[in-house]
Amino acid sequence: MKFWKKAFYLTGILLVILLASLPAGCGKQKEAATPAAKEKVVVIAPKYEGDHLNPVLGYGRYGGSKFFNGLVRFDENLNLVPDLAESWEVSPDGKTYTFKLRPDVKWHDGKEFTAHDVKFTYEKIRDPNVASPLKPFFDFVEEITVVDDHTIKIQLSKPYAPFLEKLVVGIVPGHLLEGKDIKTAEFNQHPVGTGPFKFVEWKKGEKLVMVANQEYFRGKPKIDRVVVSFIPDENTRLLQVTKGEVDAAFLPPKLAAKAQSEKIKIYTVPTGEWCGLGLPYKNPLFQDIRLRQAIAYAIDKQAVVDRILEGKGEPASNPLRSNHRAYNPEAKKYPYDPEKAKALLAGAGWRDTNNDGVLEKAGKPLRFTLLYAADDVLRKDICTAVKTDLKKVGVDVELAGLSWDQIKPRMDTDATLFFWATVYDVDDPNYQIWHSQFIGQGWNNPACYQNKKVDELLEKGRATLEEGERKKIYAELQQILAEEQPVVFIAHMDHTYAASTRIKGIKVQPEGHSGYLTEGLWWNLEEWELPE
Amino acid sequence: MDLGRYIFKRGSQLLPLLFGISILAFLLIHLSPVDPVEACLGKEEASLLAPEDLAGLRASWGLDRPLYGQYFIWLAHVFQGDFGISHLSGRPALAVIAERIPATLVLMGTGYLLVVVLSIYLGVTSAKRQDTFFDHTCTALSFIFYSTPNFWLALILVYLFSVKLGLLPVCGMASPKALTFSLPELGRHLILPAAVLALSTSPWYIRFLRASMLEVLALDYILLARAKGLPEKMIIFKHALRNALLPFLTLLGLAFPHLIGGAVVIETIFAWPGVGRLLVESALRADYPVVMGLTFLFSVFVLLGNFLADIAYLFVDPRIRYGGEAD
């Protein structure tokens, strides 16, 4: 029996070690985590967790950061309205911005918010050692001057119309970050801001907890506590919503439909996201505009929306969606018309001479490879639909599902399925996608598109401040892009969320392709209500 | 050779092994085509930054040095207990890993105990009752669970026990609304993931132990024991199992990689905040310091598993005494 005694003791020791490790990982609770009696708690589950909570490093670059405020913020319809700034003035030459700041704002630690914090934040964004992803938007900033504690002046080197929109980024407290390495500061995991919610704790991979800021300058949020639950698997997220463990969650359209019930409402959030086939001009095959237009006519975009996107989206012919304020309804559209596609191809000299179903010209078949990111089922489905549709008009497409790192060196010559988004100002990211100066620079201008008129319009668009004039510039840009189809635009997409019907005050704001806590259904969390 | 010296000798072999593994892991990670800067900032964001800003970021992560230089700097820091700074969160890699270890230890530890108990009980009983209904059922179930993908098994069990029957929670280590830690609550959350881990890992061990037991039961000394009229229990547990366990212990030592592999998938499905999930997230986004730290940690686990299996040999086999000398 000696063996069994030893085995028994060994098992006992293992159990003790196991149990001893529990409190270390699970038992830590901070004082602020203690619940009040009838607290109104909402549990939400976004798609992604994020790496840090510091706006300087890119957290909440489009606002909605919960813990912080920008000088301005987006409203429900993406109009810019005052946030930390009470008012602002822009000089007639568009180069000087003067902001009057609210005098009644306090940081979560009780200290007063001043113009010095604004200067500190923007200086950090501009600091090359920080390598902030927001730095390119502040490249035109020449000088930041604190006029007094509640007035700040920003001088640009040249007019940059989208600049005001970039100031939705949260302001961080200078008094807590001065003299620290902002890339590694502990602050990035335990933020102190001016926003509607105060940070409580972040258990990585599990949840982030925040409580209402009782002294919030726009009025205290109506829910007391928000728990952000991180559930990477979509199916598990669906189950948590249906069981009521989670009150609202990001779900793909197919799963969201399954969650719908008397207790759960589905919200469709329009995004500025579009998908399209990049047909790079460096490939001689794609240089003929008739081929590009034929491909645009040959793809049944409505079928892609209905069958692959579950009806959550709309067919696309240019990078702006019909709900965008700069959308041009006059720009050319490409309804599904295989006959027109065939005619265009015939006009370009493509004939099926050997009756194999694939067109040829000068003995060469009309065949190309279409690359897509293999880790995304949606992209694979869209590419398969494209292949099937193009086969019907005699174009043979070979699909290649690869990793982005394998795609990158080939996307200058091979057709690639891209997703991009224009939600806010037209300049972002269209300046980088269509301007010829970016050809061959990483992911910018993937179609290697070169059009002097387009370059001119993009430059004019960012330098013009008058809204009506800008709209005309971008209307012309859309006309050219729709006509030339440097990318064959396929569809604009929606995101879907499931939320408990108990929650009131949810408003839908168009979003990009983020999936983080800062955007989508969560943008106005401070206005949500849980009636008794 | 005494026990202490044997353990020291065996233990000292672990260091060169760890060293070799770290070189291999370092090379493999750097063979990956993923660009850490792009993976960290995002493709679009990285494209917007000026080349000199990107170069600066690369340099601050030490990626501008030749590979061997990067490795030796990493190694020198490791000896000081510093695994570097995570590219993604800007925090020490060791802190990032340490906060996720308890969750994985609880899950893997429970799964491991279940694997041991299930394998020994079912393996021995199946062999004892060879060709009976019990044995056939056990064999059939072993094959079913062995060939079922663990993510599918997880989803089915969740659907059955959480959605349909409402007996167990869907995911996590605690309810999202829970504000304080409670052991029973953790226990309830642990049942499904630990069961999936055990059910998908143990069939192989059950089958192995059954075969090993059958082999031993057919030997002459068992026949002699039976002829002597020893009680069946004593024959099985004292005489047969001890010998059958020898190869089984080596295998159990190797169960760590299986469990870690399983934990990666199971932690994702059950939103279990452990290191398995962290590994996938960090590897996909080329967070070298965290990936290296985790590889190092897992290597230590696997080597320790083998080491402990060797030590356990001493307890079960009296012939093995500190260096293979029979006594």
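The sequence lines fix the lettering, A, B, ..., with proteins before strands; numbering per chain opens at 1.
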Check: Side chain, backbone, both or neither: which part of B:L54 has a non-hydrogen atom closer than 4.5 Å to chain A?
Finding: neither
Notebook entry, point to check: Does any heavy atom of chain A fall under 4.5 Å from the side chain of B:I85, the backbone, both, or neither of them?
Noted result: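 Looking at B:I85, just its side chain touches chain A.
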Checking heavy atoms, do the side chain of [X], its backbone, both or neither come under 4.5 Å from chain B?
X: A:F438; value: neither
X: A:Q406; value: neither
X: A:T242; value: neither
X: A:E234; value: neither
X: A:Q432; value: side chain

From [X] atom [atom1] to [Y] atom [atom2], the distance as rounded to the nearest 0.5 Å:
X: B:C171; Y: A:D233; atom1: SG; atom2: CG; result: 9.0 Å
X: B:I269; Y: A:L239; atom1: CD1; atom2: CG; result: 11.0 Å
X: A:Q240; Y: B:S175; atom1: CD; atom2: OG; result: 8.0 Å
X: A:K203; Y: B:R100; atom1: NZ; atom2: CZ; result: 12.5 Å
X: A:D405; Y: B:S32; atom1: CG; atom2: OG; result: 6.5 Å
X: A:N235; Y: B:F151; atom1: CG; atom2: CZ; result: 10.5 Å

Notebook entry, point to check: Testing A:V227, A:V246, A:D247, A:V42 for side chain to side chain contact (heavy atoms under 4.5 Å, CB included) with B:K177, which one passes?
Noted result: A:D247
Note to self: Quick check for you: among A:E49, A:K183, A:H52, which has the greatest number of heavy-atom pairs under 4.5 Å with chain B?
What the structure shows: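 Winner by heavy-atom pair count: A:K183.
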Notebook entry, point to check: Using a heavy-atom distance cut-off of less than 4.5 Å, which residues of residues 53-61 of chain A contact chain B?
Noted result: A:R61
Next item on the list: Name the member of B:L57, B:V34, B:V37 that forms the most heavy-atom pairs with chain A at distances under 4.5 Å.
Entry: B:V34
Margin query: Looking only at heavy atoms and a cut-off of under 4.5 Å, which of B:S60, B:G166, B:P176 has the most pairs with chain A?
Written below: B:P176
Heavy atoms, side chains only, cut-off 4.5 Å: are [X] and [Y] in contact?
X: B:P169; Y: A:E245; answer: no
X: B:R91; Y: A:K204; answer: yes
X: B:L49; Y: A:P133; answer: no

Check: Considering residues at least two apart in sequence or located in another chain, which fulfil the salt bridge (charged side-chain N to carboxylate O under 4.0 Å, His left out) criterion with A:R237?
Finding: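 A:R237 satisfies salt bridge (charged side-chain N to carboxylate O under 4.0 Å, His left out) with no other residue.
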Next item on the list: Identify whether the distance between the nearest side-chain nitrogen and carboxylate oxygen of B:E38 and A:K408 falls below 4.0 Å.
Entry: yes
Check: Should A:D51 and B:R285 be marked as a side-chain contact (heavy atoms from CB on, under 4.5 Å) after you check the CA-CA gap, both sets of side-chain angles, and the distance that decides it?
Finding: CA-CA 11 Å; A:D51 307 314; B:R285 295 181 62 197; 2.9 Å; yes
Note to self: Whether the side chain of B:E52 engages the backbone of A:P128 through a donor-acceptor N/O pair (distance < 3.5 Å, no angle test) should be reported.
What the structure shows: no
Item checked: Considering all heavy atoms, the nearest B:V170-A:K243 contact -> CG2-CD, 3.3 Å
Item checked: Within residues 267-279 of chain B or reaching into it, pairs that qualify as salt bridge (Lys or Arg N to Asp or Glu O under 4.0 Å) - sequence neighbours excluded ->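 Output for this query lists B:R277-B:E281.
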Check: If you look only at pairs with a residue in residues 159-176 of chain B, which of them pass as a salt bridge (Lys or Arg N to Asp or Glu O under 4.0 Å), with sequence neighbours excluded?
Finding: none
Note to self: Assess the residue pair B:V158 and A:T236 against the criterion (side-chain contact (heavy atoms from CB on, under 4.5 Å)); give the C-alpha distance rounded to whole Å, side-chain angles, the decisive distance to 0.1 Å, and a yes or no.
What the structure shows: CA-CA 9 Å; B:V158 167; A:T236 315; over 6 Å; no
Next item on the list: Determine whether more than 12 heavy atoms belonging to other residues, nucleotides or ligands lie under 6.0 Å from atom CZ of A:F419.
Entry: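 More than 12 heavy atoms, drawn from other residues, nucleotides or ligands, come within 6.0 Å of this atom.
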